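Beneath this line is the structure, given in structure tokens, with notes to follow.
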Amino acid sequence: MSDLENFRRETRAWLEANCPPEMRRPMTSEGDTFWGGRNAKFSSEPQRVWFERMRDKGWTVPHWPKEYGGGGLDGEQAKIVRQEMAAIGARQPLVSFGISMLGPALLQYGTDAQKKEHLPKITAGLIRWCQGYSEPNAGSDLASLQTRAESDGDDFVITGQKIWTSYANYADWIFCLVRTDASAKKHDGISFILFDMTSKGVSTKPILLISGYSPFCETFFDGVRVPKSHVVGTVNRGWDVAKYLLQHERAMISGMGERGVGRPLGQVAADSVGTDEQGRLEDSMLRSQISAFEIDEAALSAAAERAVDLAKAGESHPAFSSAMKYYGTELNKRRYEILMSAGGADALEWESERSRGGARPRAWLRTKANSIEGGTSEVMLGIVAKRILDLPGA
Amino acid sequence: MSDLENFRRETRAWLEANCPPEMRRPMTSEGDTFWGGRNAKFSSEPQRVWFERMRDKGWTVPHWPKEYGGGGLDGEQAKIVRQEMAAIGARQPLVSFGISMLGPALLQYGTDAQKKEHLPKITAGLIRWCQGYSEPNAGSDLASLQTRAESDGDDFVITGQKIWTSYANYADWIFCLVRTDASAKKHDGISFILFDMTSKGVSTKPILLISGYSPFCETFFDGVRVPKSHVVGTVNRGWDVAKYLLQHERAMISGMGERGVGRPLGQVAADSVGTDEQGRLEDSMLRSQISAFEIDEAALSAAAERAVDLAKAGESHPAFSSAMKYYGTELNKRRYEILMSAGGADALEWESERSRGGARPRAWLRTKANSIEGGTSEVMLGIVAKRILDLPGA
Amino acid sequence: MALVLTEEQSMLRDSARGLISDKAPVSHLRQLRDAKDETGFSRELWKAFAEMGFAGLLVPENFGGSGLGCVEAGVVMEEIGRTLMPSPYLATAVLAASALSRGGSDAQKSAHLPKISDGSLLAALAIDEGTKHRPLQIQLQAVRSGNGFKLNGAKAFVVDGHTADLLIVAARTGGAAGERNGLTLFLVDPKAKGVAIERTAMVDSHNAARIEFANVEVNADQVLGEVDQGGALLEGVLNIGRGAVASEMVGLSEEVFGRTVTYLKERKQFGKLIGEFQALQHRAAELYIDIEITRAAVLKALQTLDGDFDHASAAVAVAKARAGTTATRAVQEGVQMHGGMGMTDQFDIGFFMKRARVCQELFGDANYHADQLARMKSY
Amino acid sequence: MALVLTEEQSMLRDSARGLISDKAPVSHLRQLRDAKDETGFSRELWKAFAEMGFAGLLVPENFGGSGLGCVEAGVVMEEIGRTLMPSPYLATAVLAASALSRGGSDAQKSAHLPKISDGSLLAALAIDEGTKHRPLQIQLQAVRSGNGFKLNGAKAFVVDGHTADLLIVAARTGGAAGERNGLTLFLVDPKAKGVAIERTAMVDSHNAARIEFANVEVNADQVLGEVDQGGALLEGVLNIGRGAVASEMVGLSEEVFGRTVTYLKERKQFGKLIGEFQALQHRAAELYIDIEITRAAVLKALQTLDGDFDHASAAVAVAKARAGTTATRAVQEGVQMHGGMGMTDQFDIGFFMKRARVCQELFGDANYHADQLARMKSY
């Protein structure tokens, strides 16, 4: 038996022994996600147990180095952990932008001191991070951001406004793009900086979305003082860090089309609209749409697998994550359009218990942001046209 | 009984009495179209009889003035003639670019002498016209044309090359855009001129298309001498005439989606793929595509009707023909994609008698030009964006 | 008939637009939603509507209405679509007025139509039972009992069901699910014993209800039209409703499109107005063309309903399917082109997306009508 | 297994590409077409192909082949798709080689497989009867007669049917149309009495034939596999063929796309390279993404055929459907972006459009496979 097969067997056994049954059920509400942070509360005892066991094993982030509280696993092993967790439906013990976004950037660009300071608190779920990128006049055109950081001795003094800061009102720290040189060309005067959200001068205001939820904030900085040592990478070269991190974010978002999505669409639809004597959906037009969707979904899933394998083989194009982000988000929007169509009038209820508080229409509306956040579909296509196809003037 | 009802009754009776039965059958080959011209031959006796009766009645072009050989009918009457012809499946007695393109331009911009010279020969099918617009480097960007007409006394001397000249090798005369002022801005130095294709210096070379047919030519002018009196409209203002004529052409092309198209798609498909116990197409995916198509086709047909009525009411936007041209041609391409899909392997035969010489795949390939000729779909969308939506920089 | 509005119809449009844009812009719906208003619309505004003759538009003149047609009803619905005004117009003035005018006895007409015209009576049509619109699948049972019937079953997605003074209920008196024969319409008092009404809070903040019927007794004179023969009446009324909702979607689509084009001309990114980007220009142009063609298809359906009612089903199916597809596209492009702002509740555009989804579902979505059209054409 | 080509597979690709681009660029097909060549491909080139081991790629080593898998066959097909090389590869080296390897007796294998490997035997698989691919609808009758069977019926769309030295014919020995049971494959000599072959000139200038069978006598030893049990063998061979044609369409799509992007960088209109127009840039980017995703789906199907043959149907359906849709889009965008030039026979792009149409139809189009997938997933 190979080492990997051994590892798989051990992983399976460990998960079987340690993952509480409650943590193997599909999540049904926002409270089922544990985000960590200073004010974190567990919504249930099994949630606490599961988190702590995984944390102690280093598996809140299996592929990070052990010195930072990760599992020290290589890519193949980490994949096995993901697969075995998926096989029993195990929930993520900890979800955080520290893991998915800041961490990779720190590992690539951070100083030793920064890594030692921040990464262990991420893996242990002690600090919850948020991302300060977009501004009211810097959305798709992110690099035109205006939040300024003025040098004052060993500190920067930060003033400006961010928007679309995810859960800023719950976050402990922020990783943030600021303009440290107003006279440079727009991509050249930006720095990537970290600071505590309890710093003087920071305030947040939740944004109510069309889904009825408020996962984002407007975030205001009024003379926030931050030590210069909190800059990640080189001052004025923050755009490199931002781009690196955006690629991670895009790869993550592109996976949404294939994430644990419950029952296959065809079966969901069969329940609401019925089937004919041959077992085909009664709504034959809907059946066509679902089948076309599932073909594209299966193809995307193969493409995601291939993207990982190409990266391993050193053959992937660095801009390919934009292609996947585009396709994955557009596909996820299609999924929810189909779910709404299959759901019919029932899927239009907004508040009843029967509809779990309008879970489906709210999720449907939420997907409309997929092709905007992390770079719009239009920006993604532009990147592909320019960086992969090398079209003139793109 | 109203005058119009009377007119309809008389028209019906006259058509019944005068349209030979052979001329009421769907056309099956190119030879079924009578184009007129100096070298015109009738492919059958009924074709000759039908043409001559219609010509004598003035109904080769029912809505042109009687003095030019037309029928002198108003819009309502002409519509009735069209409707009653369609009702019995009567073929057009004469098809010509003189009728569909040059005529409207001459009626609008021509001198009395020009109208008297040319229109009667068009209605009588004596002269066959072709159109000299595009050039190898002036396709979508038509106004960048380079064929030059140099002034020499009472004549212009024309040198250059045209492309996509429909049936130039069969045409007697050409209406042509030439550059009469090379120093002016590109739209301002163009003239619209007429000349005989037998003039010294004119030569043509057919272009073989992917359909296997050659309906277009490259046309070369090597010092062709043309009297200045043959310019239609003002010298250097030919772009006005061209635009006017292009709108007519676009309106005509947009109608292709609804022209006499034989049996409904659903029935054609039912013949080749069969139906289930409920009478639905066995290929349920194809059924969805056909139904979606027929919805759009019916909507386009309503829009075409509305466009005419809006024009009558003086409420139409002059650029709306571009919108219709775009939609009509894209729809016609869809029609033929569906016909190919419904036809399956049989529709892939290219030469057999069984397949009438590959009529369907050749027609399918022909439709691919619909969204290119007369202004590409991209140009049409640009016109809508600029002239109707007033978007900046469009 | 020319496929344009007549002068009278244009004047009607102007007057409806004036009232609605003045009294019920989108902020009106927003206020009702935020206040969790129990009624879900403004009774005061409905009174003003009735006074201007809109409530009785489809009611014959001898019953206090103006006896106009579906084109006129569509004109009003289109204006409603522009601001998403919540109002009893669709359920009462279109559906119930049509059902009573077309199927009612003189007594029934006299009893209800004048009150509809003057705005004092609100009504609702209860059809759907499953989650998708399948009128032939109606199973709510009406069993003969004494001089009348007893109703048992449940309805869902009943527009204005919780504010109605009168319910028009489609029930099965014979035949099996799937059959057109055996359907009967009943006029039911919502306060009758055995009727239980639950208002459902909807994504679009408009009104709908679920209604249960447990041994609800109705008299023979509460039958609307003929027993067992209600299928044709119902289909006719539904076709009018479909044309009306298609009109609402045309208004909605145009409004969203207009707002989006305005945004394209205002918002800057990368040093340019985003409306300068050709990819967005082409998409905007395609959407414009789509809306214009849908507008023609909808007007065609309304004219056919007015001119050749019994042969309007194909034109109505085309109109409702096209309008649903176009509105879906319009709101999707609208939100996407507004970027992050389009996702905020603060911008109105989300309201249009939500309402478009409900309109798509009402009386059959695009898939339903595409299937129906294929059946009509035997493939 | 990693979803990328191995080093050996990449080398195979390079060697196939070298030969094909050198000896059979698109002009090779054009010449054969213009010359109205009777054979429709170059026998000399096929010999070179065989010498390089391509003809026997799927043939087991003990029968003279190299015993490689579907991924390798797909690699070759993809290169064929780039230049549209007409060749016996699909019919003989993929379909017939697979059918014989998987279903043949030792005697049948010994008789035919070495000759396939060395390029001396050409074969064809005769399945379709109606105009659409519906393998379960096979009606060609094989009735027991003496020691063997008598075949009666007709086949159409038989790839390379007119040049084949050996026909593999799917016939019905039992069951009814629509049933999987009762199908049997036969090895038939095309020169046998009662076989009438008509070459059909096809839109793509590739080979196909209609074949009639009138009382054609075959012996029991001409049965390939088991009588009445040929359905599974046939479906397996068809899946290999579908994967191969999907690969061809990936190569075709990429080639058309590459030519189109090149044109976008060369052609000027309105004083700009047309590739500068953002609307075209976005469409090109979408098409690129489409092709990349399809490429992954096709490789996934081929790997599944090699690794888990009996459970590959879903992956194959996905691959064939996607590849058909992608290729259709690629050639449509290719012609449109080439403008008028794309419509001329002088440009090669029309050849790709024609071949894509045929590949779409071969062994089930995107609609067929979408329907099959839905059936597999019970909806």
Side-chain angles (χ1 to χ4, degrees), chain B residues 264-270 273 275 278-281 284 286-313 315-317 320 322-324 326-328 330-331 377-378 380-386 388-394, chain C residues 1-7 10 257-258 260-261 264-266 272-278 280-290 292-301 303-304 314-315 317-326 366-367 369-379:
Chain B
L265 282 188
Q267 284 173 35
V268 174
V273 308
T275 53
Q278 287 192 37
R280 299 177 304 188
L281 280 186
S284 72
L286 181 61
R287 180 171 180 264
S288 293
Q289 289 150 9
I290 293 177
S291 179
F293 172 84
E294 292 197 337
I295 285 166
D296 291 340
E297 184 186 41
L300 176 66
S301 169
E305 187 182 338
R306 180 168 156 82
V308 171
D309 293 336
L310 279 172
K312 262 188 230 152
E315 292 172 24
S316 66
H317 192 291
F320 195 70
S322 296
M324 294 295 284
Y326 168 79
Y327 202 87
E330 294 296 332
L331 194 67
S377 282
E378 291 77 13
M380 295 304 102
L381 292 176
I383 289 174
V384 169
K386 177 178 186 165
I388 300 184
L389 304 182
D390 194 27
L391 285 169
Chain C
M1 172 172 295
L3 209 51
V4 290
L5 295 187
T6 63
E7 202 172 326
S10 298
F257 180 66
T260 303
V261 169
L264 291 178
K265 293 176 182 174
E266 288 172 359
K272 283 187 189 182
L273 293 172
I274 59 174
E276 291 181 62
F277 288 100
Q278 196 199 30
L280 295 188
Q281 290 179 346
H282 281 201
R283 278 159 52 189
E286 284 179 324
L287 181 52
Y288 163 82
I289 294 167
D290 214 27
E292 284 301 310
I293 289 174
T294 295
R295 166 180 291 287
V298 172
L299 185 52
K300 185 79 188 174
Q303 285 190 356
T304 310
V318 166
K320 181 65 169 63
R322 273 283 312 189
T325 308
T326 297
N367 285 338
H369 289 291
D371 184 75
Q372 291 296 113
L373 192 76
R375 286 174 195 269
M376 288 177 219
K377 299 199 166 190
S378 306
Y379 65 82

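Just so you know, these numbers use all the heavy atoms, side chains as well, and skip hydrogens, waters and symmetry mates. Below, read A as the first sequence line, B as the second, and so on, with proteins coming before strands; counting in each chain starts at 1. Worth saying up front: this structure is predicted, and the values here are computed from it rather than measured.
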Side chain, backbone, both or neither: which part of C/L273 has an atom under 4.5 Å from a heavy atom of chain B? side chain
What part of B/I290 gets closer than 4.5 Å to chain C, counting heavy atoms only: side chain, backbone, both or neither? both
Max heavy-atom pairs within cutoff under 4.5 Å with chain C, candidates B/A299, B/G393, B/G382, B/A303, goes to B/A299
For C/R375, is it the side chain, the backbone, both, or neither that has a heavy atom closer than 4.5 Å to a heavy atom of chain B? both
Considering only NZ, NE, NH1 and NH2 on the basic side and carboxylate oxygens on the acidic side, decide whether B/D309 and B/R306 come within less than 4.0 Å. no
Residue among B/E315, B/E378, B/K386 with most heavy-atom pairs under 4.5 Å to chain C: B/E378
Chain B contact via C/T294 - side chain, backbone, both or neither, heavy atoms under 4.5 Å: neither
Kindly indicate, with the supporting measurements, whether the criterion side-chain contact (heavy atoms from CB on, under 4.5 Å) is fulfilled by B/D390 and C/V261. CA-CA 9 Å; B/D390 194 27; C/V261 169; over 6 Å; no
Considering only heavy atoms from C-beta outward, does the side chain of B/I383 approach that of B/Y326 to under 4.5 Å? no
Atom of B/A302, atom of C/L3 and distance for their closest heavy-atom approach: O-CD2, 3.2 Å
Side chains of C/R322 and C/D290: closer than 4.5 Å at any heavy-atom pair? yes
What residue, out of C/K300, C/Q281, C/K377, has the most heavy-atom pairs lying under 4.5 Å from chain B? C/Q281
Measuring heavy-atom distances to chain B, does C/L299 have an atom under 4.5 Å in its side chain, in its backbone, in both, or in neither? side chain
For the residue pair B/M324 and B/L300, establish whether any side-chain heavy-atom pair is separated by less than 4.5 Å. yes
Under 4.5 Å from a heavy atom of chain B, the part of C/F277 involved: neither
Segment of C/M376 engaging chain B (4.5 angstrom heavy-atom cut-off): neither
Chain C contacts, top residue of B/K312, B/E330, B/R287, B/R280 (heavy-atom pairs, under 4.5 Å): B/R287
Interface moiety of C/Q278 toward chain B, non-hydrogen atoms closer than 4.5 Å: neither
Carefully, step by step, assess C/T326 and C/F257 under the rule side-chain contact (heavy atoms from CB on, under 4.5 Å). CA-CA 11 Å; C/T326 297; C/F257 180 66; over 6 Å; no
With a 4.5 Å limit on heavy-atom distance, are the side chains of B/Q267 and C/S378 in contact? no
Evaluate the side-chain proximity of C/Y379 to B/L286: yes if any heavy-atom separation is below 4.5 Å, no if none is. no
Counting heavy-atom pairs under 4.5 Å with chain B, which one of C/K272, C/H369, C/R283, C/R295 comes out on top? C/R295
Measure distances from B/Q278 to the heavy atoms of chain C and classify the residue's part below 4.5 Å as side chain, backbone, both or neither. side chain
Comparing B/S288, B/A385, B/G266 against chain C, the one with the most heavy-atom pairs below 4.5 Å turns out to be B/G266
Do B/Y327 and C/E292 come within less than 4.5 Å of each other through their side chains, counting heavy atoms only? no
